[in-house]
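Here's the structure we're looking at; comments come further down.
This structure is a prediction, so every number in the text was calculated from the model and none was measured. Keep in mind that the numbers below use all heavy atoms, side chains included, and drop hydrogens, waters and symmetry copies.
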Amino acid sequence: MSEAQTSLQDRQIDRSQMKVTDEVAIEINDMNKWYGTFHVLRDINLTVNRGERIVICGPSGSGKSTLIRCINALEEHQKGQITVDGTTLSTDLKNIDKVRSEVGMVFQHFNLFPHLTILENCTLAPIWVRKVPKREAEETAMYFLEKVKIPEQAHKYPGQLSGGQQQRVAIARSLCMRPRIMLFDEPTSALDPEMIKEVLDTMIQLAEEGMTMLCVTHEMGFARQVANRVIFMDAGQIVEQNEPEPFFTNPQNDRTKLFLSQILGH
Amino acid sequence: MSKQSSVAFVRREMLPPAPPPPGQAGVLRWMRENLFSSVTNTALTILSLYFIWSVLASIMPWTLNGIWVAGSLTECREIRDARGLETAACWAVINERWLQLLFGFYPTDDKLLSSLFYAEPLATAGGLEAVFGAASNATDRIEFVGMMKGDLSNFTIFLFGYWRPLLAVALLVVAVAPILYSSLPRSLLFFSMLYPFVGVFLFWGGSIWGPMTVAIGLAAAFFIGRFFAKRFGLLGGGIAAVAAFIFIFLNPLPFIDHGGLFPLFPHVKDVLHSIIPFGLSAIPSDQFGGFMLAIIIGTSGIVLSLPIGILLALGRQSTMPFIRWVCVTFIEVIRGVPLIVWLFVASTLLKYFLPPGSSFDALLRVIILVTLFASAYIAEVVRGGLAALPTGQYEAADSLGLDYWKSMQLIVLPQALKISIPGIVNTFIGLFKDTTLVVFVGLRDPLGLTNAIRATGEWNGIYWELYIFVALLFFTFCFFMSRYSMYLERKLQTDRR
Ligand SMILES: Nc1ncnc2c1ncn2[C@@H]1O[C@H](COP(=O)(O)OP(=O)(O)OP(=O)(O)O)[C@@H](O)[C@H]1O
Ligand SMILES: [Mg+2]
């Protein structure tokens, strides 16, 4: 991790486009979720404005993944309200599909479709969900593949790519749907340090373009440089949130202090 | 490493890539390593060789000395003794009767045969009408046909007398090819969609309006359904499905003798036929037989059971309890009872349920049962494939906004089916061989026909030759299926490097 951090510090971040607006992108009110009788998420309240870059961290099992998976309804919540881009998530499948096509998601294990080429991975959803003509979808896909710096792999299959390349394809695949919000669930934790850097670079580039991002990660270098807010979760609750500088230098809650000392300490 | 003097080591030059070592071929080396590597292995090798040799020594003379031309088994034995052979297969029975093994008692097109090959004798007899027309005397006619067939070679009769099933099977190959091989032009798929109607018309004959009205009805229902589905969603689709149902089943297929089963408009077909009469002579299902029967039942069963099985597998995974319950019950009940029992049950039970006077075609009944039976197995095989798929694939599809059917069609099923190919083909091979069971419900499959052939005076007492021929027919088809599945697995192998 340290390697990735140092290399990130070399990079000059262009903050001209990173603007937090007043417009609300995601609003979560008193949201609760249970797995059977196990109370995973407790009274979550969170408002994300358009243009915000939020990093969520916390110990394993604290419910970070569950929280961001609730935002695009991969998990169902039992109480409270989640509103994404003005659409309130309910059991109505139409609403869910609408939210999902507006929100991009990147997984820890990439989850590319192994039976399709990289290009087909990227054009599938635009063609079938957005009804974009094939030619146009392919042009968009190539544009984003160039952006994540792997246009030459377009006709290979995911199994032929390295982990870092696969994760960048996964990001490009989400971007092809032109999402207004991107969710990342530990996008770099299945990768080797060298590959972490290429994926983080891609994410920084996205942030520089003003994308609204919610990112579960333990890359504290990324959090310091890119995030405008860091959220610390423990036992299914938001324990502390702050801007990165005060969050890292002056944590208030004891759990946060313990967590930070553990992950930054060594 | 041994040259290295200390632990520290710095490489000054990077090694250039070298070609891999040459192949470790060589027959002798292979034999030494695999056949004679130890005393036990050598002993086993010699023992196996002796076994193979003794089996071949007893089979080969019989096979190769086989007698190909003879009129009866007695004649065969006389020839054998005359040649001084100890054993000899009597292949003459195949040579004589292969048409019957292929087609059973399916009638030949005698009109075509006589007008092609018997123009002169016919002219002297007073023309085609004299022999085949209503006025002709039945005994004369049978005598004439018997004489004509006696003169023609089996191959001529195969090509011209059985042109209908022959053409139907040839077109079946054309229809199936673009489905099996994606390198063929996609436009051929249009013919594949049309084939069921062409095939039914060629095999069963009757008025062309029978299959035509069904095809037109289906096509109309499809377009109407699509039109309504765009405007009114699922409900519109449902209404269209009902419309399709009416269109299809009020013009009964040649299978269903409409003695009141679908009483609303049973005559649309007949009205059309009276305006433009065109058709082939109708051949009822009970005259179907031979290996042709295995092909008809086998291919219909295979083509129909795959989609039904997939739907059952998806239903079994459904989050809706009712659908899940229905699918599980169906699968377990169908699978838990032997096919032969289902065949008997159907033939007995249908007598009670159908209105008196109507009959349900035996062949159609068998096709339906074989299909349902195989689809229960397919469902379980596909379920295995679905379960083997990582949940990440479902989540990725969901997170891109694909709805249930699209994510099944584009992401889940292509991968799950690929995993299931060996199991699916296994089920299909089983289904194909199970078609011989129809002998128990009165249809004449190839095995049943061997009995019929033995029942004649000439070939009484002949077993092996007939069974070997039937076995080879089945083996050829099953072997093709197995090879095709291996080809498909190789072709679809994209997830490994
Ligand atoms: N499908 C499930 N059924 C039951 N319990 C679950 C399920 N998924 C997660 N949990 C539990 O919910 C809690 C929160 O899980 P979650 O995956 O959100 O944690 P996390 O913060 O993402 O942890 P990590 O950093 O290890 O990914 C964990 O205790 C986990 O055991
Ligand atoms: Mg997690």
Hey, which of A:M105, A:R173, A:Q108 has the most heavy atom pairs under 4.5 Å with chain B? A:R173

State the CG-NE2 distance between B:L410 and A:H115, to the nearest 0.5 angstrom. 7.5 Å

So does B:E332 have more than 12 non-hydrogen atoms from other groups sitting under 6.0 Å from CD? yes

Given a strict heavy-atom distance threshold of 4.5 Å, which part of A:F113 is in contact with chain B: side chain, backbone, both, or neither? both

Nearest non-hydrogen partners of A:W128 and B:Q409, listed with the distance: CH2-NE2, 3.8 Å

Should the heavy atoms of other residues, nucleotides or ligands under 6.0 Å from OH of B:Y181 be counted, would the total exceed 12? yes

Would the number of heavy atoms belonging to other residues, nucleotides or ligands and lying under 6.0 Å from CZ of B:F190 be above 12? no

Kindly check if the number of other-residue, nucleotide or ligand heavy atoms within 6.0 Å of CZ (A:R135) is above 12? no

Less than 4.5 Å to any heavy atom of chain B: does that hold for the side chain of A:I96, its backbone, both, or neither? neither

Name the option with the most non-hydrogen atom pairs under 4.5 Å to chain A; the candidates are B:P414, B:P390, B:G392. B:G392

Answer yes or no: is there a side-chain heavy-atom contact under 4.5 Å between A:V129 and B:L400? no

Rounded to the nearest 0.5 Å, the CD1 atom of A:I127 sits from the NZ atom of B:K406 at a distance of 12.0 Å

Between A:V103 and chain B, with a heavy-atom cut-off of 4.5 Å, which part of the residue counts as in contact: side chain, backbone, both or neither? backbone

With rounding to the nearest 0.5 angstrom, report the OG to CG distance, B:S399 to A:N111. 8.0 Å

Straight-line distance of B:I411 CD1 to A:L116 CG, nearest 0.5 Å: 5.5 Å

Okay, A:N72 and chain B: the region with an atom under 4.5 Å from a heavy atom over there is side chain

Are there more than 12 heavy atoms of other residues, nucleotides or ligands under 6.0 Å from atom CH2 of B:W325? no

